[in-house]
S.K.: 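Can you read through this structure? Questions will come right after.
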There are 2 protein chains.
Amino acid sequence: MPAKRGGARSKRSDRTSLQPVQEQASEPPLSRDRIVATAVELLDAHGLDGLTMRRLADRLGAGVMSLYWHVDNKEDVLDLALDAVLDYRGPPQSDDPQDWRTEIVHMLEDWRASMLRHPWSTSLLPRRALGQNILSRLERMSKTLSRAGVADADLNAAIWSLWNYVMGATITRASFDVSDEDRAVAQQRLEQLSGPYPTIGRSRLLLDDDWDGAFRKGLGFLLDGLSPK
Amino acid sequence: MPAKRGGARSKRSDRTSLQPVQEQASEPPLSRDRIVATAVELLDAHGLDGLTMRRLADRLGAGVMSLYWHVDNKEDVLDLALDAVLDYRGPPQSDDPQDWRTEIVHMLEDWRASMLRHPWSTSLLPRRALGQNILSRLERMSKTLSRAGVADADLNAAIWSLWNYVMGATITRASFDVSDEDRAVAQQRLEQLSGPYPTIGRSRLLLDDDWDGAFRKGLGFLLDGLSPK
DNA sequence: ACCTGAACACCGTTCAAGT
DNA sequence: ACCTGAACACCGTTCAAGT
């Protein structure tokens with residue numbers, strides 16, 4: 001068996017030039033947008049390790065080095081892929097103006113959901129965090145809190161505390177999702193021993209899988225704490 | 001110049017056997033503990049990318065494959081390195097029993113500090129989170145909150161919310177520390193435009209560098225919110 | 001029981017060319 | 001302007017040996 005890689009790809013198109021050109025078929029030209037879109041596909045399908053420049057090029061039907069015309073390097077691809085996944089369409093358009101708490105909760109739940117739809121994004125954040133999509137989310141939050149009456153002196157701390165909470169919750173959720181067995185094993189060990197860790201063994205801390213409920217409840221605590229009195 | 005790698009290491013010891021054997025000099029035998037300790041050194045010095053099995057072996061004066069006798073693979077090394085860095089010695093021993101809030105705050109600040117002393121650990125957490133050091137921290141927190149009067153039904157949510165907060169804050173802090181210029185550039189752009197992001201531009205959100213203060217203040221909000229009424 | 005080098009199947013990226 | 005293959009300097013790990 002010959003050793004050529006990717007030998008399955010046929011050398012020449014089997015459509016003859018008699019047919020009118022059809023947009024959909026055979027590779028469209030390489031472009032930054034196509035590269036990013038395909039990178040997201042690859043990341044969704046195979047995770048962070050699954051994205052290599054070689055595979056990316058392969059899937060685009062191009063040589064590896066062709067990518068480098070459109071993109072600086074692999075880091076660049078990751079930055080672009082992350083940004084592509086984090087836009088916020090805003091709260092549901094309704095006629096009655098919303099409670100500030102409802103608005104904040106909606107925004108943060110959407111934030112979390114966007115990231116969990118692409119779990120690899122949690123490993124990239126917050127390192128590449130200051131793209132415009134993130135900034136506009138922060139701006140929105142700031143405005144809402146300010147309107148709600150949070151003192152200027154408390155504003156930044158309030159924003160960062162919400163940010164910290166969402167980041168921690170989301171990153172945790174994504175990583176524990178990958179290893180549910182680990183969690184179960186750990187909890188089992190806890191309950192058996194019940195010597196060193198009686199309290200969290202009893203409360204079944206590691207088995208509680210109502211992630212969404214826990215997220216909302218904890219967020220409630222935080223919002224209670226930072227509500228203007 | 002000959003191409004041999006690591007040619008600087010002399011082939012034979014220059015101490016003769018006339019001298020009594022001294023513990024310190026010339027490589028001690030390979031061991032799991034030595035491997036982990038050296039891995040932590042390497043990680044502290046060069047970050048996550050700086051740790052390769054080849055470099056690790058090199059620094060230990062051994063062949064690469066010798067490591068694999070003591071350790072399963074690179075993942076294993078990372079797990080062990082993380083665990084080695086996360087133990088908690090407990091609150092300062094004092095005679096007056098502490099307020100539960102003081103105790104929680106101390107524990108979480110220590111947690112954060114331990115991780116920030118080894119910034120690479122923030123990229124590894126919380127994926128490898130359920131080692132015994134982490135579990136004992138959770139246990140301690142659980143006990144303290146329970147003693148403080150947090151209702152059983154709220155206990156798990158309270159613990160996870162504190163966990164989320166610490167994780168988010170620490171990971172954020174570590175990653176923004178690396179790229180202070182980025183933050184400054186972003187803030188500058190914000191203030192210049194002042195169109196799209198007027199609120200966070202004005203509040204200097206991205207320039208506020210009192211990280212410790214913000215951490216404590218936000219933690220205060222959260223603790224206010226989950227304090228039993 | 002402990003350590004080793006050669007070899008395998010990969011990486012990202014530089015470079016000098018092709019059209 | 002856009003795309004390419006060959007080559008470089010790396011990776012982690014398998015395997016078959018050595019002591």
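Chain A is the first sequence line, chain B the second, and so forth, proteins listed ahead of strands; every chain is numbered from 1.
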S.K.: Figure out the CZ/P separation between B:Arg55 and D:dC11, and round it to whole Å.
M.R.: 6 Å
S.K.: Whole angstrom is fine here: how far is it from CG in B:Leu67 over to P in C:dT4?
M.R.: 9 Å
S.K.: Tell me the interatomic distance from A:Asp58, atom CG, to D:dT4, atom P, rounded to whole angstroms.
M.R.: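 Going from CG in A:Asp58 over to P in D:dT4 covers 11 Å.
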S.K.: Just the rounded figure in Å: distance from P of C:dC3 to CG of B:Leu60.
M.R.: 11 Å
S.K.: Which nucleotide wins on minimum distance to the side chain of B:Met65, given the candidates C:dT13, C:dT4, D:dG12?
M.R.: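 Of all the options, the side chain of B:Met65 is nearest to C:dT4.
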S.K.: CZ of A:Arg54 versus P of C:dT14: gap in Å, rounded?
M.R.: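 That distance rounds to 13 Å.
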S.K.: Distance check needed: C:dC10 P versus A:His46 NE2, whole Å only.
M.R.: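 So the NE2-P distance, A:His46 to C:dC10, works out to 14 Å.
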S.K.: When the P atoms of C:dA16 and D:dC2 are compared, how many Å lie between them, rounded to an integer?
M.R.: 22 Å
S.K.: When you measure from the side chain of A:Ser66 to the backbone of A:Gly63, do you find a donor-acceptor pair of N or O atoms at a distance under 3.5 Å?
M.R.: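 Yes, A:Ser66 side chain to A:Gly63 backbone: donor-acceptor pair under 3.5 Å.
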S.K.: For a side-chain contact (heavy atoms from CB on, under 4.5 Å) with B:Arg137, tell me which candidate from B:Leu108, B:Asp110, B:Asp87 qualifies.
M.R.: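 That would be B:Asp110; it is the only one of B:Leu108, B:Asp110, B:Asp87 passing the side-chain contact (heavy atoms from CB on, under 4.5 Å) with B:Arg137.
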S.K.: Check whether any side-chain N or O of A:Ser66 sits under 4.0 Å from OP1 or OP2 of D:dC2, and answer yes or no.
M.R.: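 No.
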S.K.: Using a 3.5 Å distance criterion without hydrogens, assess whether the side chain of A:Tyr165 forms a donor-acceptor pair with backbone atoms of A:Phe215.
M.R.: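 Such a contact is found between A:Tyr165 side chain and A:Phe215 backbone.
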S.K.: Taking NZ from B:Lys74 and P from C:dC10, how many angstroms apart are they, rounded to a whole number?
M.R.: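 Atom NZ in B:Lys74 sits about 18 Å away from atom P in C:dC10.
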S.K.: Would you please confirm or rule out a distance under 4.0 Å between OP1 or OP2 of C:dC3 and any side-chain N or O of B:His70?
M.R.: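 Checking C:dC3 against B:His70, a side-chain N or O does come within under 4.0 Å of OP1 or OP2.
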S.K.: Among the nucleotides C:dA7, D:dT4, C:dG12, which one has an atom lying closest to any side-chain atom of A:Ala62?
M.R.: D:dT4
S.K.: For D:dC15, which nucleotide is its Watson-Crick or G-U wobble mate, given both distances must be under 3.5 Å?
M.R.: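 For D:dC15, the partner nucleotide comes out as C:dG5, under the 3.5 Å rule.
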S.K.: Kindly say whether B:Leu82 contributes a backbone atom to a donor-acceptor pair with the side chain of B:Ser121 at under 3.5 angstrom?
M.R.: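 No, B:Ser121 side chain to B:Leu82 backbone: no donor-acceptor pair under 3.5 Å.
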S.K.: May I have the distance from B:Ile35 (atom CD1) to C:dC2 (atom P), rounded to whole angstrom?
M.R.: 12 Å
S.K.: With a 4.0 Å cutoff (strictly under), does any side-chain N or O of B:Trp69 reach OP1 or OP2 of C:dC2?
M.R.: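 Indeed, a polar side-chain atom of B:Trp69 lies that close.
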S.K.: Going by the side-chain contact (heavy atoms from CB on, under 4.5 Å) test, name the single residue among A:Ile171, A:Leu86, A:Thr170, A:Val166 that passes it with A:Leu125.
M.R.: A:Leu86
S.K.: Is the phosphate of D:dT14, meaning OP1 or OP2, less than 4.0 Å from a side-chain N or O of B:Tyr68?
M.R.: no
